[in-house]
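First up is the structure itself, then whatever we jot down about it.
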Amino acid sequence: ELVQPQALTETTKDKLRLYVQRIETLEAEKKEIQDQIKEVKADAKALGFDVKAINGVVKIRKIDRQKREEQQMMLDLYLHAMGEI
């Protein structure tokens with residue numbers, strides 16, 4: 001059942017407006033940050049860096065070192081079993 005707008009109190013309407021405005025502000029900030037990241041990557045590429053490799057480094061650094069080492073050991077084990085290394 002749909003809630004009718006008149007069923008909301010003024011306080012609830014104000015809270016809803018604030019949530020929507022905050023989300024809109026955060027979305028705008030997110031877009032700005034994404035644009036800044038693109039610029040940094042373009043600068044790195046212009047200096048000859050491999051952006052895919054940089055993205056890989058960033059991704060790896062997000063993982064806890066111990067978990068990362070465990071994942072690498074398993075990867076090495078599987079690659080060795082497949083005759084790849």
Do the charged groups of Lys67 and Glu70 touch, with an N to O distance under 4.0 Å? no
With a 4.0 Å cut-off on N to O distance, would you call Asp35 and Lys31 a salt bridge?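 Yes, charged N to carboxylate O under 4.0 Å.
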For Gln66, does the CD atom sit with more than 12 other heavy atoms under 6.0 Å from it, leaving out its own atoms?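 No.
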Are more than 12 heavy atoms from other residues, nucleotides or ligands located less than 6.0 Å from atom CZ of Arg17?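 Enclosed: over 12 neighbouring heavy atoms sit under 6.0 Å from CZ of Arg17.
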So how far is it from [X] [atom1] to [Y] [atom2], rounded to the nearest 0.5 Å?
{"X": "Leu77", "Y": "Met82", "atom1": "CG", "atom2": "CE", "answer": "12.0 Å"}
{"X": "Lys41", "Y": "Glu39", "atom1": "NZ", "atom2": "CD", "answer": "12.5 Å"}
{"X": "Asp76", "Y": "Ile85", "atom1": "CG", "atom2": "CD1", "answer": "4.5 Å"}
{"X": "Leu26", "Y": "Arg22", "atom1": "CG", "atom2": "CZ", "answer": "4.0 Å"}
{"X": "Asn55", "Y": "Ile60", "atom1": "CG", "atom2": "CD1", "answer": "11.0 Å"}
{"X": "Leu8", "Y": "Lys15", "atom1": "CG", "atom2": "NZ", "answer": "12.0 Å"}

Considering all heavy atoms of both residues, which atom of Arg61 and which atom of Arg68 are nearest to each other, and what is their separation? CA-NH1, 4.0 Å
Heavy-atom side-chain contact between Leu75 and Gln71 under 4.5 Å: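 Leu75 vs Gln71: side chains apart.
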Within a strict 4.5 Å, meaning less than it, do heavy atoms of the Ile54 and Lys45 side chains meet? no
Is the backbone of Gln21 close enough, under 3.5 Å, to the side chain of Thr25 for a donor and an acceptor to pair up by distance?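 Here the side-chain-to-backbone pair exists.
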